[in-house]
Amino acid sequence: MATAAIDTHDTHAGHPPTSTGLNNTKVAIWAFIGSECFFFASLISTYLIYRGRSLVGPFPHEAWTDPATGHVYKAILNIPVTSVSTFVLLMSSLAMVLAHSAVVRGDRKSSKIWLASTALLGATFLAFQAYEFTSFVHEGLTIHTNLFGSSFFILTGFHGAHVTAGVIWLLTLLFIDMKRGLTPDEAINVDVCALYWHFVDVVWIAIFTLVYLIK
Amino acid sequence: MAADHSHSNVSHDSQGDAAAREHTHPDWGTYKWVALILAAITALEVWIYYIPSFTATKLFVPVLLALSAIKFTIVVMFYMHLKYDAKLFRALFVAPLVLASFIIVGLLFLFGHLKVSF
Amino acid sequence: MATTVSLPLPAAHTSHKYESGLWSWLATTDHKRIGQLYLYTSLFWFLVGGIEAGIIRMQLYGPNGHVVTAQTYNELFTMHGTTMIFLVIMPLSAAFFNYLIPLQIGARDVAFPRLNAFSYWVFLFGGLFINASWFFHAAPNGGWFGYAPLTTRPYSPGLNIDFWVIGLQILGISSLAAGFNFITTIINMRAPGMHFMRMPIFSWMAFITQFLIILAFPIITVALTFLMLDRFFGTNFYEVSAGADPLLWQHLFWLFGHPEVYILILPAFGLVSEVLPVFSRKPLFGYPVMVYSGILIAFLGFGVWAHHMFAVGMGPIADSFFAITTMLIAIPTGVKIFNWLGTMWGGSLRFTTAMKFAIGLVALFTIGGISGVMHSSPPSDLQQTDSYFIVAHFHYVLFGGSMMGLFAGLYMFYPKITGRLMSEKIGNWHFWLTAIGMNLTFFPMHFLGLDGMPRRISSYDAGQGWEQNNHLASYGALLIVIGTIFFAYNWFSSMKSGKVAGNDPWGGATLEWTIPSPPPDYNFAVIPKVTSRYPLWDRKSPRLSADVPHGSEPEGLAEIALAGQKVGSVQVPSDTKLNAADAHPTASALGIVMPTPTIRPFVAAFALGSVFIGLIMHKNLPIMLVAAVVFVLSLYSWLLTPLEPEHH
């Protein structure tokens with residue numbers, strides 16, 4: 001109904017425009033992201049606090065021999081594989097900005113392609129995580145094993161849960177786009193999803209460095 | 001996420017926001033460069049991870065932190081277009097980020113991971 | 001830009017299926033109704049928490065009391081603290097956030113009305129959840145701060161801590177959702193001309209509080225999640241045998257816990273800052289400083305947390321750091337006290353009940369602050385910590401501070417909410433009984449603490465010199481109970497027979513007093529344009545607000561806009577004339593579209609809560625899964641339904 005140039009909603013029937021001219025949902029999502037900084041900071045802090053304090057292995061970066069059984073556990077983190085999944089997630093952010101850009105332009109074909117690509121790349125990242133988690137469990141690291149197991153799985157697990165929620169969100173937007181199309185003046189909804197998505201990516205940047213790369 | 005054009009959950013841009021973004025939105029070229037730089041820095045990080053003589057030095061951790069800080073910043077500035085958006089959003093994000101960073105450092109000190117000597 | 005009047009469009013109609021009865025409350029999205037829901041629920045929990053305190057005082061009246069067992073005593077003090085903090089002070093503040101913020105900033109509702117309703121229902125669920133524990137003889141018993149490893153499964157095997165952990169998680173969700181809502185509302189829905197330094201001071205303090213909430217609650221969410229995972233899924237976060245640090249919980253908890261106490265006091269400060277100017281007939285002294293000190297308190301509040309841990313052995317560097325930051329935070333707090341005194345100085349004071357409670361906060365919070373500063377020195381605190389000296393301190397700041405401030409707000413805004421005035425005579429009894437009772441209860445506790453009486457003991461032996469002060473404390477509690485009875489009587493009888501209040505019974509200065517009492521659902525027929533901090537004094541008593549900064553735009557002129565295009569301008573009568581008591585146009589008559597009531601937030605809240613019910617039922621996966629699915633479906637239904645009816 002409304003075109004991008006004239007917004008007939010905000011000054012209609014007692015709805016004044018917002019005090020800042022900014023969209024309410026966008027203000028809310030940035031506040032939410034600020035809050036999530038503290039959420040992930042607490043999880044990351046705990047991981048860092050417990051770094052090097054597990055009494056038994058497996059350990060992230062060094063091998064360990066169980067004195068009781070003699071079993072040798074290699075360093076559990078797989079940097080090459082995780083580098084690939086990190087790259088996948090970074091590329092998903094590119095797909096996300098392109099999706100948003102397409103919706104803003106009214107490019108119906110590209111918007112679907114890029115929304116689907118973002119969701120696919122996100123799902124690929126999750127698949128890597130699933131592989132990683134199951135192989136760790138196979139190699140003897142569970143949430144029960146030691147401090148590293150608990151803090152690692154919960155930190156990366158919560159991150160993965162956020163990615164999952166993001167993928168569901170993207171698929172929902174894709175579905176709406178396919179069903180009736182997302183118009184340019186609805187781009188704000190993709191914008192808000194994108195901000196969430198990029199933030200989840202940015203948290204992974206921190207996790208990749210602090211957990212995987214720093215020994 | 002909405003089924004129609006009514007209020008509030010299908011949010012509509014008020015004019016000011018849309019206009020500002022039309023003028024200062026990054027283009028495909030910028031996005032491509034950002035993606036390339038992100039990939040390159042990640043590759044660099046992984047590369048130096050495999051240099052034992054470097055990882056053993058005191059520089060390893062600060063360099064990694066700096067590289068990831070750069071990645072963090074360019075995703076936030078360009079993909080989340082904080083560089084082009086209202087200052088309010090910058091405040092809503094940076095203030096908690098800074099405060100959280102101080103708290104992490106404080107906790108690391110309190111749990112003995114950082115040593116301070118006078 | 002002056003006021004905007006919107007002409008009703010022919011096709012505009014709203015059909016409110018749910019306008020009366022229970023359903024109208026379950027489906028409400030009106031911030032004023034939601035505020036009242038918070039209000040009555042928290043007053044109920046106040047009675048429950050008060051009974052818990054009463055039993056405690058009976059048990060501690062004399063040596064070797066046998067009113068309750070030690071186990072029950074642990075449950076009583078845990079629930080008293082948890083209830084008063086999370087189910088009374090926070091939601092009472094939320095009642096004011098909900099009711100008052102839109103009225104003060106000149107808005108018709110909050111930014112996300114359904115999210116607002118969701119917050120309330122989740123809060124209700126959380127309070128009922130945690131108190132359901134009583135019926136299982138398993139009330140939380142680990143203190144309101146639930147220190148791990150004591151609260152881990154090996155040391156607390158029963159359901160008690162499960163109720164506590166899960167209950168707090170539920171309540172946290174409520175507070176967080178509301179935080180995002182109010183931040184957006186205050187940033188984006190202020191009336192034209194109301195830039196931040198013209199915003200009423202209560203809304204400012206509320207604004208700052210929301211930031212504290214959205215930053216502090218994630219931390220306790222993580223701490224509680226760790227405890228939940230340890231208890232239900234066998235992780236090792238607090239498992240000392242696996243190498244866990246017993247201090248992790250304490251740091252995480254107090255990183256939340258200290259900002260939490262500022263969450264508890266800032267709204268009350270805001271209310272006092274509204275009451276004192278009106279009943280001194282003088283603008284708030286040093287408004288900008290009051291704003292900046294609030295911001296500074298919030299910021300510094302994240303840097304003092306380990307002053308709750310001076311006795312754990314953090315070392316001299318940590319102790320000194322936190323001692324210094326704690327002393328520093330006393331400065332912006334103290335500044336507020338002086339500004340309140342400055343507000344009253346030279347004013348023409350009217351000692352209404354609201355005013356008395358507000359002055360009560362100024363006096364009693366000061367006493368609490370003085371004892372607080374005494375704790376800020378680690379050597380002193382080593383004697384005071386875990387003694388009744390601390391109990392005295394926090395009751396002075398929370399009861400003498402927060403509760404007194406909230407009572408001041410209740411007496412001031414009761415007329416706005418109900419349309420009638422509370423009895424000043426009965427209010428006087430309530431005030432004096434409470435003030436004297438509170439001091440009689442808690443002042444002797446300073447001496448008990450200095451005399452070595454520890455906290456959280458269910459009984460004490462005779463002959464230690466503690467009997468006299470404990471007697472006094474218990475008598476004081478009795479006075480508080482009697483005072484509360486006066487309050488309850490006043491509240492309910494005034495609803496029927498109180499004097500009719502009208503728009504502005506007190507000579508108020510801010511926008512909420514320009515509209516009827518109680519306000520129509522749309523609040524303002526015409527969104528006002530504001531040119532100073534005290535818009536109503538500007539209109540009615542300009543002499544009072546002459547000294548505050550004013551904008552130079554003309555008032556009273558309205559643009560007429562049709563579908564967003566200006567088509568002319570007209571002289572508009574002020575709301576006080578437009579909305580006389582007998583002329584209450586409906587929203588649709590004015591062409592104002594209000595959000596549709598909906599049951600979806602209630603359903604979503606109930607479904608989310610049911611996930612947690614499944615968890616505490618020994619991880620009943622079917623229940624958890626079904627509830628989660630219902631939650632997700634109700635979310636989709638909610639988000640895909642427009643907030644307001646179609647109008648074109």
Side-chain angles (χ1 to χ4, degrees), chain A residues 1-2 4-7 9-10 15 17-18 20-27 30-31 33-35 37-38 41 44-45 48-49 51 79-80 83 86-87 90-91 93-94 96-98 101 104 169 172-173 176 183 185-189 192 194-195 198-199 201-202 205-206 208-209 213-215, chain B residues 1-3 5-18 20-22 25-28 31-32 34-35 38-39 42-43 45-46 48-50 55 60-61 64-65 67-68 71-72 75-76 78-81 85-86 88-89 92-93 95-97 99-101 103-104 107-108 111 113:
Chain A
M1 174 238 107
I6 300 173
D7 182 4
H9 281 277
D10 283 344
H15 282 286
T18 61
T20 54
L22 301 168
N23 175 278
N24 276 352
T25 314
K26 204 158 168 189
V27 171
W30 274 111
I33 288 172
S35 176
C37 281
F38 268 68
I44 290 172
S45 297
L48 295 177
I49 285 167
R51 171 173 241 137
I79 303 302
S83 306
T86 303
F87 176 75
L90 286 174
M91 291 305 110
S93 268
L94 175 64
M96 184 79 246
V97 291
L98 294 173
S101 181
V104 167
W169 193 347
T172 308
L173 286 172
I176 296 174
T183 60
D185 64 338
E186 290 174 294
I188 185 71
N189 296 286
V192 164
L195 287 172
H198 296 309
F199 177 70
D201 186 12
V202 136
I205 291 174
F208 182 57
T209 303
L213 295 183
I214 295 183
K215 295 195 238 213
Chain B
M1 291 162 68
H5 301 267
S6 294
H7 277 278
S8 286
N9 26 324
V10 181
S11 310
H12 293 258
D13 269 339
S14 65
Q15 292 189 27
D17 201 22
R21 284 187 24 252
E22 276 165 41
H25 212 51
D27 59 356
W28 154 241
Y31 288 146
K32 200 179 54 183
V34 170
L38 287 173
T42 309
E45 286 175 333
V46 177
I48 66 176
Y49 174 83
Y50 284 111
T55 64
F60 178 59
V61 171
L64 269 183
L65 289 176
L67 288 175
S68 52
K71 283 201 294 193
F72 189 105
V75 171
V76 170
F78 293 95
Y79 284 172
M80 296 169 89
H81 46 82
D85 260 344
L88 171 73
F89 298 144
L92 284 175
F93 180 66
L97 188 67
L99 197 53
S101 308
I103 291 174
I104 296 181
L107 283 173
L108 287 178
F111 281 91
H113 285 275

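In what follows, every chain begins at residue 1, and chains take the letters A, B, ... in the order their sequences are listed.
At least one side-chain heavy atom of B:Leu65 sits under 4.5 Å from a side-chain heavy atom of A:Ile214. In this structure, the side chains of B:Tyr31 and A:Ser93 stay at 4.5 Å or more apart for every pair of heavy atoms. With a 4.5 Å cut-off on side-chain heavy atoms, B:Phe89 and A:Leu22 count as touching. Residues A:Ile33 and B:Met80 are in side-chain contact: their nearest non-hydrogen atoms beyond the backbone lie under 4.5 Å apart.
With respect to chain A, the highest number of heavy-atom pairs below 4.5 Å among B:Leu108, B:Val61, B:Leu97 belongs to B:Leu108. Of the listed residues (B:Val75, B:Leu38, B:Leu64, B:Leu67), the one with the most heavy-atom contacts under 4.5 Å to chain A is B:Leu64. Comparing B:Phe72, B:Phe111, B:Tyr79 by how many heavy-atom pairs each has under 4.5 Å with chain A, the most go to B:Tyr79. Residue with the most contacts toward chain B among A:Ile79, A:Leu48, A:Thr20: A:Ile79 (heavy-atom pairs, distance under 4.5 Å). Most heavy-atom pairs under 4.5 Å with chain B, from the set A:Phe208, A:Phe38, A:Phe87: that is A:Phe38.
Nearest heavy-atom pair, A:Met91 versus B:Ala35, reported as atom, atom and distance to 0.1 Å: CE-O, 3.7 Å. In plain terms, the two heavy atoms of B:Ser68 and A:Ile205 that are nearest each other are O-CG2, 3.7 Å. Summarising the geometry of B:Leu92 relative to A:Ala31, their closest heavy-atom pair is CD1-N, 4.1 Å, with the distance given to 0.1 Å.
In this pair, A:Trp30 and B:Phe93 present their aromatic rings perpendicular. The plane angle is above 60°, beyond the 30 to 60° band.
Contact of B:Ser101 with chain A is not made at all, since no heavy-atom distance falls under 4.5 Å. No part of A:Val192 comes within reach of chain B, as not one of its non-hydrogen atoms sits under 4.5 angstrom from that chain. Contacts of A:Thr86 with chain B are made by side-chain atoms alone, with heavy-atom separations under 4.5 Å and no backbone atom involved.
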With side-chain contact (heavy atoms from CB on, under 4.5 Å) as the criterion, how do B:Val76 and A:His198 come out once you've worked through the C-alpha distance, each side chain's angles and the decisive distance to 0.1 Å? CA-CA 8 Å; B:Val76 170; A:His198 296 309; over 6 Å; no
Step-by-step side-chain contact (heavy atoms from CB on, under 4.5 Å) determination, B:Lys32 to A:Leu94: CA-CA 8 Å; B:Lys32 200 179 54 183; A:Leu94 175 64; 5.7 Å; no
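The distance from the NE2 atom of B:His113 to the CD1 atom of A:Ile49 is 6.5 Å, given to the nearest 0.5 Å. Interatomic distance, SG of A:Cys37 versus CG of B:Leu99, reported as 10.5 Å (0.5 Å rounding).
Both tests pass for A:Lys215 against the ring of B:Tyr49: distance under 6.0 Å to the centre and angle within 45° of the axis.
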